[in-house]
Amino acid sequence: MATLGHNTKRLGAEVLADMLAGYGVTHVFMVPAVLRRTFAEMERRTKIARVHCHGEKAAAYMADGYARASGKPGICMAQVIGALNLAAGLRDAYLAHSPVIAFTGGRDPKTKFRKVYQEIDDVPAFEPVTKFNATIDDVARIPDMLRQAFRAATSGAPGPVHLQFRGNEGQLDLEEAEIEPLVEPQFASVPPFRPEPEAAHVKAALELLQKAERPIIVAGGGVRASGAGRELTALADALQIPVATSLNGKDSIPDTHPLSVGVVGTYSRESANRAVNGADLVCFIGSETGGMTTHFWAVPKIGTPAIQIDIDPQALGRNYPLCASVLGDARSVLVRMLGQIDKSSAAKREPWIKEIAVLRNDWCAKYKPALESDAIPIQPARICCELTRHMPDDAIVVVDTGHAGMWMGGMYDLRKPTQSYMRSAGHLGWAFPAGLGAKAACPARPVVTFTGDAGFWYHIAEVETAVRWKLNAVTIVNNNGGGNQSKRGFDRAYGGTQTEQARELWTYNPTNFARLAEDMGALGIRVERPEEIAPALQRALAAHCPAVIDIATDIEALAPVAVI
Ligand SMILES: Cc1ncc(C[n+]2csc(CCOP(=O)(O)OP(=O)(O)O)c2C)c(N)n1
Ligand SMILES: [Mg+2]
């Protein structure tokens, strides 16, 4: 805790505002009233935008989108009554290893247990969704606790942090102490450290990769957090090793790269699952080897020879017995490997690479009719195809879960290493506010969000927030009038075919989201024919306001399920 020691008392709010600015924070996302004086100091002392949202969960998702797009911690805030709404919004960030820092107002030792209005003990609820969950009870602790928050959020495998400030509205910031706004810029973004691997471990893993005849790499979110896409592609090229990705690591390698087989696992592309299950060695890089990426440990099957590279020692070997493991930053490990590869080992993989080309071509041939379908109502696969063709080279694509994740994860292609892709780790409704946060973090880049209608309904009020704060993201709503991912599940629940009445469990009244968006001051475009998709995207990207493209699609269209 830094103190000046010569009676230079400063207000907590001033120091907090200065420190956030010092860490490079450009936006905070919140529902008032919390840390009000800090907001006043931000206005006086900094350029930080105080994005005032309609709900705390959306604020957390915006902070999450901001963090994933920029690698810088996203900041969100709530007063005591909104604290658990905010905690709910940290759940996706926790699953996705996204560095979000949440501030809440909280209990004062002078009055706790006295039934203070709106107050419960919120801190335990943050425990399962944070890496670091703490209270600040003394104003003198603001600087060191904030530094610890940034350190915890960004280091190792990144993740959310919660700081509860004393006072239901965080009135602690109104107090003074001898404090100074010391920041550690190293922790202003991910990764603060690039731990080097042990040389012997790199050598052992590389030897196995070079010896294998049918190896494959599964690249996860750790590759994206480490910014290791270029090194990954270089290693794959040099050794002729195909690459599958997790959904979270989809932008580690362009889909157009001949060695890329697509997203593996449950929300996946057939060529990826077939390639991974045809491999004689799987090398996981920055992947939790979780249920979604491995289709519940069926792709690859447990027992397939495996190597793992990760920054978290506890990830190594969690789900697959390993032939070799390397602890370290993904980029550092890949750079070490690139420094000592034997390129001559690649020649023997020619037959394997030919098989990979066949798998890629088979997938394209099988899905060409869906991807190029002229059907009305529009098929979602056609939307993916149009987005592949027309997405700008520097775009950030943000995708919701459920069918949205399946359609886009499997059928949308990244064409350039400069394109980014971020996806919900499982929470329906995440994508739209996350896209707004991504736009706040990267205003010069086009941001295009893909969501279903059920996903969009969750936080539709934030269209007004986007207009007010000029968060000019483009949101594409795959509007089929229901949550049609539930269709298969209800068919099963009804023993084969569901009743007509069962549709009340997963459908909605027809709604024109373009009109609703227009009412809130955004650009709204309604699309009913496939050939209108590309011009709508161009118009939305050129608009100087947030845009919603409402695409009427086929409620019967079901995304392909994973192959084993
Ligand atoms: C918070 C949350 N609640 C429930 C679900 C379960 N769920 C997954 S997809 C889905 C329906 C999605 O509907 P929509 O966004 O319209 O996409 P569609 O399936 O119609 O393409 C639901 C309810 C979830 N993933 N997250
Ligand atoms: Mg829907």
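Fair warning: this is a prediction, and the values are worked out from it, not measured in the lab. Hydrogens, waters and symmetry mates are skipped; everything else that's a heavy atom, side chains included, is used. First listed ligand is number 1; within each ligand, the first listed atom is number 1.
Between Leu505, Asp92, Leu428, it is Leu428 that holds the heavy atom closest to atom 12 (C) of ligand 1.
Pairing each heavy atom of Ser246 with each of Gly221, the nearest pair is OG-N, 3.8 Å. When all heavy atoms of Met408 and Cys384 are compared, the pair lying nearest together is SD-SG, 3.7 Å.
Side chain of Asp453 to main chain of Gly482: a donor-acceptor pair is present (N/O by atom type, distance under 3.5 Å, no hydrogens or angles). Judged by distance alone, the side chain of Asp400 and the main-chain N or O of Trp430 form a donor-acceptor pair under 3.5 Å.
Ligand 1 places these atoms under 4.0 Å from at least one heavy atom of Thr401: 25 (N). Close contacts between ligand 1 and Gly402 involve ligand atoms 9 (S) [criterion: under 4.0 Å to a heavy atom]. Shown in contact with Gly455 at under 4.0 Å from a heavy atom are these atoms of ligand 1, numbered in order with element: 15 (O). Per-residue contacts place Asn480 under 4.0 angstrom from the following atoms of ligand 1 (heavy atoms of the residue considered): 18 (P), 20 (O), 21 (O). Heavy-atom proximity to Tyr458, at under 4.0 Å, picks out these atoms of ligand 1: 1 (C), 2 (C), 3 (N). Each of the atoms 21 (O) of ligand 1 lies under 4.0 Å from some heavy atom of Asn478.
For atom 6 (C) of ligand 1, the protein comes within 4.0 Å by no heavy atom at all.
Ranking protein heavy atoms by distance to atom 17 (O) of ligand 1, first place goes to Gly452 CA, 3.8 Å. For atom 14 (P) of ligand 1, the nearest protein heavy atom (residue, atom name, distance) is Ala454 CB, 3.4 Å. From the protein, the heavy atom lying nearest to atom 13 (O) of ligand 1 is Gly483 CA, 3.0 Å. Atom 9 (S) of ligand 1 has its closest protein heavy atom at Gln485 OE1, 2.9 Å. At the top of the distance list for atom 16 (O) of ligand 1, counting protein heavy atoms only, stands Asp453 OD1, 2.6 Å. The protein atom (non-hydrogen) at minimum distance from atom 21 (O) of ligand 1 is His403 CB, 3.2 Å. Scanning all protein heavy atoms for the shortest distance to atom 25 (N) of ligand 1 gives Gly426 O, 3.0 Å.
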key: Worked check of side chain to side chain donor-acceptor pair (under 3.5 Å) between Asn319 and Thr289   = CA-CA 6 Å; Asn319 290 320; Thr289 68; 3.1 Å; yes

Do Arg529 and Asp374 pass the salt bridge (charged side-chain N to carboxylate O under 4.0 Å, His left out) test, and can you show the C-alpha distance, the side-chain angles, and the key distance before you say yes or no?
-> CA-CA 8 Å; Arg529 307 175 64 83; Asp374 287 328; over 6 Å; no

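The distance from the CD1 atom of Ile555 to the OH atom of Tyr508 is 10.0 Å, given to the nearest 0.5 Å.
Protein-derived N/O/S atoms nearer than 2.8 Å to the Mg ion (ligand 2) total 3, waters excluded.
Asp64 and Ser98 are linked by a side-chain donor-acceptor pair at a separation below 3.5 angstrom, with hydrogens and angles left out of the test.
His54 has its side chain out of reach of Val31: every pair of non-hydrogen atoms, C-beta onward, lies at least 4.5 Å apart. Val100 has its side chain out of reach of Arg68: every pair of non-hydrogen atoms, C-beta onward, lies at least 4.5 Å apart.
When non-hydrogen atoms are compared, ligand 1 lies under 4.0 Å from the backbone of Asn484 as well as from its side chain. Contacts with ligand 1 closer than 4.0 Å are made by no heavy atom of Asp400, backbone or side chain.
Aromatic pair Tyr320/Phe284: centroids less than 6.0 angstrom apart.
Using a cutoff of 4.0 Å between basic side-chain nitrogens and carboxylate oxygens, Arg539 and Glu532 are not scored as salt-bridged.
Residues meeting the ring-ring contact (aromatic ring centres under 6.0 Å, His included) test with His459, sequence neighbours left out: Tyr61.
Just one residue in the list Asp394, Asp393, Asp255 forms a salt bridge (charged side-chain N to carboxylate O under 4.0 Å, His left out) with Arg415, and that residue is Asp393.
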